[in-house]
Enquirer: 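This is the structure I want to talk about, given as structure tokens.
Side-chain atoms are counted along with the backbone in the values below, which use heavy atoms only and exclude waters and symmetry mates. Predicted model only: the values in this text are computed from it and were never measured. Positions are given from 1, in the same order as the sequence printed here. For ligands, and for the atoms within them, numbers begin at 1 and follow the listed sequence.
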Amino acid sequence: MTAKRIYHSVKLERDRCVGCTTCLKKCPMECIRVRNGKARILYELCIDCGVCIQNCPHHAKVAQTDPINSIYRFKHRIALPAPTLYAQFRNLTSVDTVLNALLGLGFSDVFEVARAADIVSATVREMLKTQKVRPLISSACPAVVTLIRLRFPELLPHVADVLSPKELAGRMAKEEYSKAHGVPIEEIGAFFITPCPAKMASIHSDRGSYVDGVIAIQDIYGLLSAQMKQPISEEIKRKRHATWQGVNWANYGGEGAALDNNNVLSVDGIHNVIYVLEEIENGRLNDLDFFEGSSCVGGCVGGPLVFENAFVAKNSLRKLTEHMKEDEKTHPLPPVEPRDDIHLRAPLEPLPGIKLSDNIAEAIAKMERIEALTKTFKGLDCGSCGSPTCRALAEDIVQGRANELDCVFKLKEKVEQLARQMVDLTNL
Ligand code: SF4
Ligand code: SF4
């Protein structure tokens, strides 16, 4: 069974696009085309990784997220800060400053996503003791999960059947707030503060979400900074806090390290993730216990919607977690228990991508045409035609999205042929 997606966060600002083809060559899904001087996304293949946002020199690729004033759709509003938010601030010694500043932006409460990450880590540690599937694959990065649904559907049984920290935080935040304040869940809105567009796409996916909105870190960084000097409220001091390991999930490798298992592979950057998933698909990593793949280079600190330079953020996070580690020695946090009621909202189904045809005979005929056409191109994958590779151009032609003369070499041949014919005509 396959499912359909209806929403994508990554969009093109058409007026800013100059058709330079930079994004076309960087997109890991080969789903960008440039036609008539403008980029276009084939959304059936897009995983909202944001690589095109990070690479467009003209800022023509953008992420659609929610504005801060959208929180007032709800009577009660809970901020769900990604651990990456803490890494945006240099010399932070406690997360309380950030949590407190969020209250100053109009949120009624805050719930650390890192706290949910602690529970996910404890739960996955248990799963590794009881489940036979190897390797188990992290369900935390939504771009990676969508990639698996599109390109590696046979690996879906490997994806850990556990909510991502974002989703678990949304669910727990509402449950705890509702219980503490005696208000109905429907009146509570949970807003994730995100480093990436994939999280935005994931809350609007076919699978539903416990999160009601997604606000980009870069959109609220300035507002938050202005609130950082406020005295910390007693309410924030009393909160149950995440461990340093939960906060460390912002870094690539942080999720794997929290499993206390040395047979874990952590990989960052979507191209590297694709390579490792191919290895898993080919059965070459069956001896691995767990695979943590982060679409962004460096992990979530390298997301396209952060404010701080990823290297500086990584360093700030290191310093913060060292402080937290010391603090936890003198003020130990209560133990984090695994949970058996935090399964994915629904089983993960494959996504169809782009089909050549619903009719098998027609699809085979098209495939043969694509193979034959591909052989007629130079094989340079230069991208000048507006398709990322020669094969992609062949597919675009067969699917009616391009024509042969989009290839500069074919165009040159055609022009030379016409010139020869003109010379022949004038010699008659
Ligand atoms: S990188 Fe892509 S979106 Fe940006 S200007 Fe070039 S073609 Fe347009
Ligand atoms: S978000 Fe990622 S998959 Fe989608 S068009 Fe951009 S680079 Fe390609």
Enquirer: What atoms of ligand 1 come closer than 4.0 angstrom to any heavy atom of Gly19?
Expert: 7 (S), 8 (Fe)
Enquirer: Would Glu175 and Arg171 pass as an ion pair if we require N to O under 4.0 Å?
Expert: yes
Enquirer: Taking atom 7 (S) of ligand 1 as the point of reference, which of Leu12, Val62, Thr21, Thr22 owns the nearest heavy atom?
Expert: Thr21
Enquirer: Protein N, O or S atoms at less than 2.8 Å from atom 6 (Fe) of ligand 2, how many?
Expert: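 Protein N, O or S neighbours of atom 6 (Fe) of ligand 2 under 2.8 Å, waters not counted, come to 1.
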Enquirer: Regarding Glu292 and Tyr252, is there a side-chain donor-to-acceptor distance under 3.5 Å anywhere?
Expert: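 Looking only at side-chain atoms, Tyr252 and Glu292 do not form any donor-acceptor pair under 3.5 Å.
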Enquirer: For atom 8 (Fe) of ligand 1, tell me which residue out of Cys17, Gly383, Pro57 has the closest non-hydrogen atom.
Expert: Cys17
Enquirer: Closest non-hydrogen protein atom to atom 6 (Fe) of ligand 1, residue and atom name please, with distance?
Expert: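 The closest heavy atom on the protein side is Cys20 SG, 2.2 Å.
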Enquirer: Testing Lys239, Arg240, His241 for side-chain contact (heavy atoms from CB on, under 4.5 Å) with Arg115, which one passes?
Expert: Arg240
Enquirer: Between Arg345 and Tyr210, is NZ or CZ placed under 6.0 angstrom from the six-membered ring centre and within 45° of the ring axis?
Expert: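 Yes, Arg345 and Tyr210 form such a contact.
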Enquirer: Can you name the atoms of ligand 2, numbered from 1 with element, that are less than 4.0 Å from a heavy atom of Pro28?
Expert: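 Per the distance check, 7 (S).
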Enquirer: Against the six-membered ring of Tyr43, is Lys11 placed for a cation-pi contact (under 6.0 Å from the centre, within 45° of the normal)?
Expert: yes
Enquirer: Going by side chain to side chain donor-acceptor pair (under 3.5 Å), name the pairs with one or both residues in residues 117-127, residues two or more places apart or in two chains.
Expert: Asp118-Thr243, Ser121-Trp249, Glu126-Lys129
Enquirer: Quick test of your reading of the model: are Arg73 and Asp212 salt-bridged, counting only N-O distances below 4.0 Å?
Expert: no
Enquirer: Arg33 and side-chain hydrogen bond (donor to acceptor under 3.5 Å, both in side chains): which partner among Asp406, Thr21, Asp396?
Expert: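 Exactly one pass, corresponding to Asp396.
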Enquirer: Near atom 6 (Fe) of ligand 1, is there an N/O/S atom from Cys56 that is less than 2.8 Å away?
Expert: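 It does not; every qualifying atom lies at 2.8 Å or beyond.
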Enquirer: Can you tell me how the ring of Phe89 sits relative to the ring of Tyr221, calling it parallel under 30°, perpendicular over 60° and tilted otherwise?
Expert: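 The arrangement is parallel - the two ring planes meet at less than 30°.
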Enquirer: In terms of residue, atom name and distance, what is the protein heavy atom nearest to atom 5 (S) of ligand 1?
Expert: Val18 N, 3.4 Å
